[in-house]
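Beneath this line is the structure, given in structure tokens, with notes to follow.
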Amino acid sequence: MPLRRSSAALAALLAVSVLLGSAPCTTVADDHKPIVARVSKDATTSLYTIANKVGGVPLLLDLAGPLLWLANCPSPHRTFPCDIGVCKVANWNHPPNCPYTPTTECSKGAACTAYTYNPVNGRCGHDDATTITLVANATDGKNPLFPVSFRAVGSCAPGELLASLPAGAAGVAGLSRLPLSLPWQVGYRLGVPKQFALCLPGGSGSDGVAVFGGGPFQLLGSPPVELAAGILQNQLPLLRNPKINNGAYYFQITGIAVNEHKVPTALGAFDIDSHAGTGGAVFSTVTPYTALRPDIYRPLHDAFDAAPSGIARAPPMAPFDMCYEASTLGVTRLGYAVPNIDLMLDGGRNWTLFGGSSLVQVNEHTVCFAIVEMEPSMPAAANSPAVIIGGFQMKEHLLMFDLEKGTFGFSGPLSGIRTGCSNFNFTMGST
Ligand SMILES: *[C@@H]1O[C@H](CO)[C@@H](O)[C@H](O)[C@H]1NC(C)=O
Ligand SMILES: *[C@@H]1O[C@H](CO)[C@@H](O)[C@H](O)[C@H]1NC(C)=O
Ligand SMILES: *[C@@H]1O[C@H](CO)[C@@H](O)[C@H](O)[C@H]1NC(C)=O
């Protein structure tokens, strides 16, 4: 079952379907094709936005977000009664740090309020639940094909909630495992699998890509390369945090190794504590650099620092506490020639961080260790996971999530096969 509260989910989804079915004037493709959207990186904040053609405005991409929300809804806007299932679902998961303060009991005919969360600064607000029209291109996994428009259930939000988001972002697109997230609603609305592929761009000048609804995934190269089939054959289980059903993408790490030597960590250091809801490894697109709990960060830091030889240290530059002089490092196709870091996963698999993922260039002369110690002030640290895999480590890899099976898969660094996330062919193809 995709959800623990599956019967409640089913009831709510039926409610979603009734609402969406009654939405007037939407053009919906009936041939069940996935959709494609550009993903951009904001140079100032290092956060990612996803293109969405409602008024041409981008939304912050929040992999762990439960909802879609748009600030400054037009008035009037569509509302829902508060006593229907979808309203309960919109409020299932209370954002961390946002106390649940029901202002009024739901009285017959009152409008549904949704609690909205800014995943960057941790602020929350509440406003009317509504429908949001989304426009994207259908895709065959190679090109955009034709525009598709559909309505999703989301929320309005107060304008102040846009603080800390990239300039120009109009709201947030939550991509979590909860039933009002974008991948669930695309799946539901367009009749496609509740799967998505995410390829975050490395540079702020180039666009990456997200495909919702399964199917092949091709990037240009010589020759073009189809990546989905191989990744789908090598899926790993996603985990749930039984204490806080927050829809985040948790997975199992069993250990970390540097240069194939296991870094000493306490037994069970990476596991989810099912009573406290803490621990575990999660993906976060709103955390620029992978953050580790101090008891994991320190030994990794020391092991990495001990391993390279003949490399000159440079003064630390916040937020990084270990930097090197770039001129003393060799460079390969996978980045700087430094020891590999293996994130050891289920079934003996590894996610290997090569130099391109473990070191970040901070200026012409200096590179820094691109993994940081977790701080309580990071919004993604609110539930105290052990490991937060951040944008810098996810970029230029293809990640695929299957919400129905509860699995995920990933490619190695795309530079290793001479392609990259900006190589999706966005030229309109023909059907
Ligand atoms: C569809 O793709 C074309 C070609 O890339 C692009 O110009 C257009 O803006 C896209 N439409 C939407 C709704 O994203
Ligand atoms: C995974 O990494 C560990 C530690 O570096 C190593 O011992 C093991 O051989 C790797 N497994 C695979 C399948 O590469
Ligand atoms: C991109 O797609 C278009 C439409 O299918 C095709 O004509 C063009 O050759 C493709 N570009 C490359 C570089 O393959």
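Start at 1 and go down the list; that is how both ligands and their atoms are numbered. Just so we're clear, the structure is a prediction, and the values are computed from it rather than from any experiment. The first residue in the sequence is number 1, and the count goes up from there.
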| Between Gln235, Met394, Arg349, His397, which is the residue that forms a side-chain contact (heavy atoms from CB on, under 4.5 Å) with Phe410? | Arg349
| request: Using protein heavy atoms only, decide if any is under 4.0 Å from atom 9 (O) of ligand 2. | output: no
| query | Can you find an N or O of Asn137 that's nearer than 3.5 Å to an N or O of ligand 1? | reply | yes
| request: Can you confirm whether something in the protein, heavy atoms only, sits under 4.0 Å from atom 5 (O) of ligand 3? | output: yes
| query | Can you name the closest pair of heavy atoms from Met428 and Leu145 and give their distance? | reply | CE-O, 3.5 Å
| Which residue supplies the protein heavy atom nearest to atom 2 (O) of ligand 2, what is that atom called, and how far is it? | Asn350 ND2, 2.5 Å
| request: Enumerate the atoms of ligand 2 whose separation from the nearest heavy atom of Ala257 is less than 4.0 angstrom. | output: 4 (C), 5 (O)
| remark: The closest protein heavy-atom partner of atom 3 (C) of ligand 3 is Asn425 ND2, 3.6 Å
| note | Atoms of ligand 2 under 4.0 Å from any heavy atom of Gly348, numbered from 1 in the order shown, are 11 (N), 12 (C), 13 (C)
| request: Run the salt-bridge test on Lys142 and Asp140 with the 4.0 Å N-O cut-off and return the result as yes or no. | output: no
| If you draw a 6.0 Å radius around CZ in Arg313, do more than 12 non-hydrogen atoms from other residues or ligands fall strictly inside? | yes
| said: Please report whether ligand 1 has a polar contact with Phe426, defined as an N or O pair separated by less than 3.5 Å (distance criterion only). | reply: yes
| field | Value rounded to 0.5 Å, distance of OH in Tyr117 from CH2 in Trp69 | value | 11.5 Å
| Do NZ/NE/NH1/NH2 and the carboxylate oxygens of Asp271 and Arg293 come within less than 4.0 Å? | no
| task | State, with a plain yes or no, whether a side-chain heavy atom of Cys199 is found less than 4.5 Å away from one of Leu398. | result | yes
| task | Report the nearest protein non-hydrogen atom to atom 14 (O) of ligand 3: residue, atom name, distance rounded to 0.1 Å. | result | Leu220 CD2, 3.5 Å
| query | Tell me, which protein residue and heavy-atom name are nearest atom 7 (O) of ligand 2, and how many Å apart are they? | reply | Glu260 O, 4.8 Å
